[in-house]
Each structure stands twice: as C-alpha cells, then as structure tokens.
Amino acid sequence: MHIASGYAHGPRPTPQVAIAAVSAAMARGGLSQAGSIYLFLSMHFQHDISNCLRAVTQVTGSFDIFGASAAGVFSDQDWSLDAPAAAALVLPAQMQRPSSSDYFSLAAPNAINSQWLNQGGRRFGGIAGDATGQGAYAIWQQGRAHTGFIQTPLTPRDIIVSQGFQALSPFYTITASNGLMLDRLEQQPAYLTLKPWLKQYPLHHLMAGLNDGTHTTWIPVIGVDERKQSVMLAHAAPAAMQLCWGHFDSPSASHDLGLQLMRRLAGKPQPKWALVISGHRRVIAGNGLHEPDWSAIRSALPGVPFAGFYGNGQIVPLAKSNQIVDNSVVIALFD
C-alpha cells in the first residue's frame, strides 16, 4: 500500500468524475481504505461541490478531503484546462502525519491578506479560481466547503519555486503611487517607461518586479491609463521601492523549472509524492496543445505520483516570509 494519484475527466461535471479520480488513485496504490485525500476539481463542478465531496466520502469512508476548484487540474497521468476534470492524491489510512509548523494552504481570491499569510509557520499552496480572480471557485476541508482560507499541517522535504520571469528594463525608483496605481518612476510618468514593451508583448504577459533590496517579487500588470499616464498593478507598489518591467516567457520558464528540479534532486533519492500548484496565466501562455511545465515535472519525477491545479496565484515561502506570487509553479516534495 502506498500513496498514489488519480485523474479523471468526463463530458459533464458529475460526482462520478471525482469518484473515478479517487478510485483510480486507490487502485494504483493498492488501498482498500483511504486516509487523507487531496482532491482538485475544475471550475465546471462549481455548482455541485457538496454532492461531489459527499460522494467521495461515501465511496472511500474518509472525511479528510482537502482541496480546491480552479481553472484546470492535473496529475502525473494527464492535465486539463477546458474539460470537466478531477485530480487526486490519496494517502493510506495507516499513514501518520507528524505535527508540523509547515502548512499546505489554500485561499479564495477575496481572502488574500498578510495577517493569515504570516501568522506563524511556513506556508505553500495556492489561490483557487482563475487568472481574473472573478471566476467561480471553491475550497474545502474535512469534506466541507469553506470560505476564506484553509490550511493543513504538512512537512515537505523541499519546496521548489519557479517564477520564470525575465527582466526587460533597468530598475527604477518609484517616486509616486496611489494604491494599485503606479504614477511615476524616477519622476517620469510610469506609462511612458512601460510603453516600449507594450509594443512587443501582450499586456497580460507583462509583469512588474518589486525589489526590497534582497529579493524581487513579480506582480502582474493589470492595465494602463493613458490619460493619466499611470499603470495599474495587481498589488500596491509603495514609493521608494525599486521596480523593473519584465515579462513571462513560456519556453524559458519551463526550461528554468526543469533546471531547478535537476539541481534540487541531484544526488538525492526520488521523493515518494508531490503537490504542485501552477498558474492559470502560465499555462494559457503556451500553445494549448502541450503543457511544457507538466512535461518537465514528469521528466524530473518519473513514477512519482503528483497532483495539483492551475489557479489564480501561488502561496510560497520567499525571503523569510510567505508571499503570494503569480505565473509561478510551486512544487512540494515529500518522503
């Protein structure tokens, strides 16, 4: 008996699809009884979440079901971004999880705040929903839907974060900002410093890199106000911080992910299982036929069961604090 993953999809978002994913995992792991279940559903299931969770509990006998809905889901078997699909990791009922100061954390888009994010312990996970933050979403714990955020103690042997952004400009000092609106950089209108890159890249590929002196955090560019010569960002950018413009490049990002995995796994035994949270924006930047990040993870972790989802943001431990990032992949490896 061992930890295993399962994946299923169907023409309609019914509880049978969720049951199929969990049952496939139990069969692959030789499990007659399920312990903890990490279940991820595509947003097609939004109006039937309670029935899905109830059905999985009835089939497995486990109430310990933790997960979220998102734009798409995946396991080591397959991935989906546009069809009703479910992915699951099932742990044996006999498996004991030691107490931990690390937490696998999931949140609704409207529940992101620094208070719970940094209330103690290291956190990794993701934000439910899609890249807009407006789409349907749900999170659940102990087999029941929740609002806000959820967390469960879980200690990975390693956490790998691949952001995959490339700087386009030098760093500027922010000289004027107002909430999400970035007004001036080095006393220049912020829009004018971004304008050359808008001619080369789609707006949704452009990012702002905020540097606090030790680490650069990348946040999405949401829009521009040509009349006011301002730029809207996904998060506030305080005056006096350093900022550069950058972009997401899908081939480079996947290559970076593969290199990081090789470096972190070198000379070490393969993990027993993994949880992976990726970004909706990241996968739609590809050609729609192939998922290079998924392929990179499968190549680096042959035979290792994993599951996760394409969400609205990733929760990662960076620069001595827990942060929300976007267009990134976070991989938690477990022994």
Side-chain angles (χ1 to χ4, degrees), residues 43 70-71 107-115 117 126-137 163-250 252-253 278-286 310-316 318-319 321 323-328:
M43 291 192 297
N110 59 2
I112 301 171
N113 65 73
S114 59
Q115 183 176 357
L117 196 60
I127 311 301
D130 63 7
T132 68
Q134 306 298 317
Y137 62 86
Q163 292 189 278
F165 299 115
Q166 294 183 330
L168 296 170
S169 75
F171 277 96
Y172 304 94
T173 300
I174 300 172
T175 47
S177 63
N178 182 16
L180 301 181
M181 299 306 298
L182 183 66
D183 297 319
R184 301 187 75 81
L185 300 174
E186 305 280 2
Q187 303 301 339
Q188 305 175 66
Y191 172 69
L192 293 183
T193 66
L194 179 65
K195 188 175 180 179
W197 310 116
L198 287 168
K199 297 176 181 178
Q200 298 183 41
Y201 303 100
L203 179 68
H204 65 273
H205 283 189
L206 291 171
M207 307 289 289
L210 284 176
N211 189 281
D212 61 3
T214 60
H215 175 78
T216 299
T217 300
W218 293 94
I219 58 178
V221 174
I222 300 300
V224 297
D225 186 331
E226 295 186 37
R227 185 177 65 83
K228 294 183 178 179
Q229 301 281 281
S230 299
V231 178
M232 175 179 279
L233 305 178
H235 305 291
M241 285 194 74
Q242 297 290 302
L243 179 146
C244 72
W245 300 117
H247 78 121
F248 174 76
D249 178 73
S250 183
S252 297
S278 186
H280 182 206
R281 291 175 185 268
R282 185 160 175 140
V283 70
I284 63 176
Y310 303 107
N312 180 37
Q314 298 74 51
I315 300 170
V316 298
L318 287 176
S321 67
Q323 300 182 24
I324 304 292
V325 297
D326 196 11
N327 278 33
S328 301

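Residue indices begin at 1 and follow the sequence shown.
In this structure, Ser328 OG and Gln314 CD are separated by 5.0 Å, a value rounded to the nearest 0.5 Å. For the atom pair Asp183 CG and Tyr191 OH, the distance stands at 15.0 Å (nearest 0.5 Å). Note: Met207 CE to Leu243 CG = 11.0 Å, rounded to the nearest 0.5 Å. The distance from atom OG1 of Thr217 to atom CE of Met241, rounded to the nearest 0.5 Å, is 7.0 Å. The CE atom of Met181 sits 7.0 Å away from atom NZ of Lys228, with the distance rounded to the nearest 0.5 Å. Once rounded to the nearest 0.5 Å, the distance linking OH of Tyr172 with CD of Gln242 reads 11.5 Å.
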**Report entry** side-chain contact (heavy atoms from CB on, under 4.5 Å) between His280 and Asn312, worked out
**Finding:** CA-CA 6 Å; His280 182 206; Asn312 180 37; over 6 Å; no
Query raised in the report: Is there a side-chain contact (heavy atoms from CB on, under 4.5 Å) between Leu180 and Ile222 once you walk through the steps?
Result: CA-CA 9 Å; Leu180 301 181; Ile222 300 300; over 6 Å; no
Requested in this report: Kindly indicate, with the supporting measurements, whether the criterion side-chain contact (heavy atoms from CB on, under 4.5 Å) is fulfilled by Ile174 and Leu185.
Outcome: CA-CA 5 Å; Ile174 300 172; Leu185 300 174; 3.7 Å; yes
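Of all heavy-atom pairs spanning Ser169 and Trp197, the tightest one is CB-NE1, 4.0 Å. The minimum heavy-atom distance linking Cys244 with Pro170 is given by the pair CB-O, 3.5 Å. In plain terms, the two heavy atoms of Ser177 and Ala237 that are nearest each other are OG-O, 2.8 Å.
Using a 4.5 Å heavy-atom cutoff, the side chains of Leu210 and Thr216 are not in contact. For the pair Tyr201/Leu168, a side-chain contact is recorded, criterion being any heavy-atom separation below 4.5 Å from C-beta on. Residues Tyr137 and Ile127 are not in side-chain contact: their nearest non-hydrogen atoms beyond the backbone lie 4.5 Å or more apart. Residues Leu194 and Val221 are in side-chain contact: their nearest non-hydrogen atoms beyond the backbone lie under 4.5 Å apart. Within the 4.5 Å cutoff, no side-chain heavy atoms of His235 are placed close to those of Leu233. The shortest side-chain heavy-atom distance between Gln163 and Asn327 does not fall under the 4.5 Å cut-off. A heavy-atom distance below 4.5 Å is not found between the side chains of Trp245 and Leu206.
Of the possible polar contacts, none joining the Gln323 side chain to the Val316 backbone as a donor-acceptor pair under 3.5 Å is found. Between the side chain of Gln229 and the main chain of Pro189, no donor-acceptor pair closer than 3.5 Å is present. At distances below 3.5 Å, at least one donor-acceptor pair connects side-chain atoms of Thr175 with backbone N or O atoms of Gln187.
Classification of the His205-Phe248 ring pair by plane angle, with boundaries at 30° and 60°, yields perpendicular.
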